[in-house]
There are 2 protein chains.
Amino acid sequence: MSTIEDVAKLAGLSRTTVSRVINNHPYVSATKKKLVHEAMEQLGYVPNSSARSLRIQKTETVAVFIPRVMNPFFSQLIETLEMAAAARNYQLIVCQTQYSAKKELNYLNLLKTKQVDGVILASHENDWELIEPYLQYGPIVLCNEFDNKANVPMIYQDQVYGGYIATMHLIEQGNSLIGYCTGGHYSSVGTAREKGVKQALKEAGLCFEEKFAFRNVYNIEHGRQVFHWIKGMNERPTAIFTGSDEVAAGIISEAKKYRWNIPVDLAVIGFDNQAITEIVEPNITTVHQPVTEMAEKAMEVMYEKINSKDYKTKEIYQFPLKLIVRGSTVSNNLEKCSSIPKSIS
Amino acid sequence: MSTIEDVAKLAGLSRTTVSRVINNHPYVSATKKKLVHEAMEQLGYVPNSSARSLRIQKTETVAVFIPRVMNPFFSQLIETLEMAAAARNYQLIVCQTQYSAKKELNYLNLLKTKQVDGVILASHENDWELIEPYLQYGPIVLCNEFDNKANVPMIYQDQVYGGYIATMHLIEQGNSLIGYCTGGHYSSVGTAREKGVKQALKEAGLCFEEKFAFRNVYNIEHGRQVFHWIKGMNERPTAIFTGSDEVAAGIISEAKKYRWNIPVDLAVIGFDNQAITEIVEPNITTVHQPVTEMAEKAMEVMYEKINSKDYKTKEIYQFPLKLIVRGSTVSNNLEKCSSIPKSIS
DNA sequence: GTGAAAGCGCTAACAC
DNA sequence: GTGTTAGCGCTTTCAC
């Protein structure tokens, strides 16, 4: 393992000059630059990043917190974030909190110990009061989450509107008994969607029935379960908002086993617009989230914060959601003329 | 940001003693230990990891190379690897090579610059000759890949056997014209499976028809395409080995649009046993890979290599694959009595 | 048991 | 344009 000193010696120059060449600083003559490059080549020299990090107080690494990778929504987020990081010569450390507040706090030490330059929270389990103190060590950016108490950049989607358009669509299809599923973990996403769902119901003169609310539901298996709960009810919903394509797929898959006709016996709407929506029969009506754009923006903002040192300002970047109508809510797959407004702000 | 020096001063002790306390070294009196802990607490002190890394020449971080996160197989691998890393107080950096040999080489510099202690290759695009030199900088472990030229630990699954049992199953169901799909990227996985497929065909007195081999096929959309290719053929295969549940799902989904009866008109077998296999109708027959066990073993071996400094020894850890029979290959979903051997080594 | 001091490899004042 | 030098914050001999 050769060091900058070795290179300097071999080139007959000082460490400073070598360092200047490495970091592309001006004021180095072409001759010496060449000399340095030759020496580096010959020694197979590469700067040691721990030493560099220690000196410049930057690691060029950011951490992203998610509950778990296997959730397709978060896989997609990680995929895009990694590419956005790579484009800026940054590394991405993945931290799975597994919905544990304690694990989250533990991972936040990465910021405190300066192992990462910043943290992107794509989920958070702790109250903001507990997270806030870490801001003294580096920037924290919310991505896909919103927290009113947080004075940091927040890049997210208008989930209230998402819940609203999804529910409004179900109502327009003639449903008046509408079920509702939610992940149940502490998250602004679920809360916001529920708000939108309620608003749509209210505008239609319907009410949110707690008996039709299924909580702690977030994967295929849970979806199957939900179907059985519905099946066992005396009064059943005729449509259900699931908040996730996987839950929707689970419900539909199980319903078909019992020869229910989707959407006639039960209309089902997903969320995320994952690949599975076009595999399940009927295809799943869903709400598309611009994950790629959101992730790209989050990394852009993070990069900027790292270099600006101003971490404690609230900045809002809101991305739009879009309803995608498919067969799981309408018998005829054609999108109808809709009266749903473009925004409900 | 307080340093070890600040703690030492506040406690009225030397840096050495503080360091000993931090690292749980022996020979520190209980009194001083308490003093140090109090000082650390009071200052909110946490050791700086760059400084520590520079000094001990370890970062407690490993990188994992995958083509991309969105592939469910790799999502699962990342998920498990991250947990295995966290259990050992290691961080995981995700590197998406996107099937690019150049990107892969670039990411390998993480090892050279000592930004990571080791690299887990879950895919590799470059010839081993090009990767091998990086071994002088730290351990490299193959996970899910096998390379005969590589003298490093390899944790993988018997893909030859996987291709074999899948194909043998199709043959047992009475198919004699069997199609074959492969991802097509430089990978031992595809090559091994093809070998297994060919061996099964040979044993059954059938031959591998190149016209039924679809290459560069690895997602749902490709699956749909494959269906159309098959549909356009004069002589069509009656069954197809896909090498991926997503491709299988794509084929089945598209076939159903054209009212083909799966498995009667076309039997389809997937690979990986992802959640989608139980959502698609009929459910997809597939080959289960013990990803969790494999990932856990890979991290265990990596951890050991990092601490042993012996990187250049070939070690083989092979995990078994298992056929899971569902409706996409047999009209009757019950698993039949099979004559497929437990191993073909 | 404890402390002084060297040094991991690098960058950036500052001097020339 | 180039070199000297002082640390970044930590661990670890070595001496006491």
Side-chain angles (χ1 to χ4, degrees), chain A residues 1-37 39-40 43-61 109-117 137-138 307, chain B residues 1-37 39-40 43-61 109-117 137-138 307:
Chain A
M1 278 286 31
S2 50
T3 73
I4 199 171
E5 180 76 49
D6 301 330
V7 177
K9 255 185 211 145
L10 183 60
L13 294 164
S14 73
R15 265 153 50 202
T16 311
T17 308
V18 177
S19 174
R20 286 205 182 97
V21 172
I22 293 168
N23 297 291
N24 264 314
H25 283 209
Y27 310 126
V28 184
S29 69
T31 334
K32 315 247 155 156
K33 200 177 274 182
K34 186 150 166 277
L35 236 44
V36 170
H37 277 132
M40 292 202 301
L43 293 168
Y45 169 80
V46 177
N48 176 302
S49 53
S50 299
R52 183 154 201 277
S53 295
L54 175 59
R55 186 58 235 241
I56 67 174
Q57 305 280 35
K58 273 197 186 117
T59 56
E60 291 171 351
T61 302
N109 280 324
L110 289 173
L111 199 58
K112 205 170 175 182
T113 61
K114 294 266 153 226
Q115 207 169 346
V116 300
D117 292 342
Y137 306 111
N307 296 305
Chain B
M1 279 285 32
S2 50
T3 73
I4 198 170
E5 178 76 49
D6 302 328
V7 177
K9 258 187 209 144
L10 183 61
L13 294 165
S14 73
R15 265 151 52 203
T16 313
T17 308
V18 178
S19 174
R20 284 205 183 98
V21 173
I22 293 168
N23 297 290
N24 265 314
H25 284 206
Y27 308 126
V28 184
S29 68
T31 333
K32 315 245 155 159
K33 198 178 273 181
K34 186 152 167 275
L35 237 42
V36 169
H37 276 133
M40 292 203 300
L43 293 169
Y45 169 80
V46 177
N48 176 301
S49 52
S50 299
R52 184 157 201 276
S53 295
L54 175 59
R55 186 60 235 246
I56 68 174
Q57 305 280 36
K58 275 200 186 115
T59 57
E60 291 170 353
T61 301
N109 279 325
L110 289 174
L111 199 56
K112 206 170 173 182
T113 62
K114 294 267 154 221
Q115 207 169 346
V116 300
D117 293 342
Y137 306 112
N307 296 306

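So that the names make sense, note that chain A is the first sequence line, chain B the second, and so on, each numbered from 1.
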Not counting sequence neighbours, which residues clear side-chain hydrogen bond (donor to acceptor under 3.5 Å, both in side chains) with A/D117? List them please. A/T59
Taking all heavy atoms of A/G44 and all of B/K112, pick out the closest pair and write down the distance. O-CE, 3.6 Å
Rounded to the nearest 0.5 Å, how far apart are CZ of A/R55 and OG of B/S50? 13.0 Å
Using a 4.0 Å cut-off to any heavy atom of chain B, which nucleotides of DNA chain C are the first and last in contact, reading 5' to 3'? C/dG1 to C/dG9
Atom pair distance, as rounded to whole Å: CZ in B/R20 and C1' in D/dC10: 14 Å
Please give, in whole Å, the distance from D/dT2 P to A/K33 NZ? 10 Å
Pairs of donor and acceptor atoms involving the side chains of residues 2-13 of chain A, under 3.5 Å and at least two apart or interchain, shall be tabulated with distances.
residue, atom, partner, partner atom, Å
A/T3, OG1, A/E5, N, 3.2
A/E5, OE1, A/R15, NH1, 3.3
A/D6, OD2, A/T3, N, 2.8

Scan the side chains in residues 25-36 of chain A for donor-acceptor partners under 3.5 Å anywhere in the protein, sequence neighbours excluded, and list what turns up.
residue, atom, partner, partner atom, Å
A/S29, OG, A/K32, N, 3.4
A/K34, NZ, A/E38, OE2, 3.4

Is the distance from OP1 or OP2 of D/dG1 to the nearest side-chain N or O of A/K32 less than 4.0 Å? no
For B/Q115 and A/T61, which heavy atoms make the closest approach, and how far apart are they? NE2-OG1, 3.5 Å
Indicate whether OP1 or OP2 belonging to D/dC10 is found under 4.0 Å from a side-chain N or O atom of B/S50. no
Measure CD1/B/I22 against P/D/dG9 and give the value in whole Å, please. 13 Å
Between B/R52 and A/T113, is there a side-chain heavy-atom distance shorter than 4.5 Å? no
In whole angstrom, give the distance that lies between atom CZ of A/R52 and atom P of D/dG9. 17 Å
To 10°, what angle do the rotation axes through the five end pairs on each side of the helix from C/dG1-D/dC16 to C/dC16-D/dG1 form? 40°
What residues form a side-chain hydrogen bond (donor to acceptor under 3.5 Å, both in side chains) with A/T17, not counting sequence neighbours? A/S14
Without decimals, in angstroms, what is the distance between B/H25 NE2 and D/dC10 P? 14 Å
For B/S49, give me all partners under side-chain hydrogen bond (donor to acceptor under 3.5 Å, both in side chains), at least two apart in sequence or on another chain. none
Could you give the distance from CG (A/N23) to CD1 (A/I56), rounded to the nearest 0.5 Å? 8.0 Å
Describe the nucleic acid contact of B/L54 in one word from base, sugar-phosphate, nothing, applying a heavy-atom distance below 4.0 Å. base
Of all heavy-atom pairs linking A/Y137 and A/K114, the shortest is O-NZ, 2.5 Å
For D/dC10, take OP1 and OP2 only and decide whether either is under 4.0 Å from a side-chain N or O of B/Y45. yes
Of residues 3-18 of chain A, the positions that come close to DNA chain D - non-hydrogen atoms, cut-off under 4.0 Å: A/L13, A/S14, A/R15, A/T16, A/T17
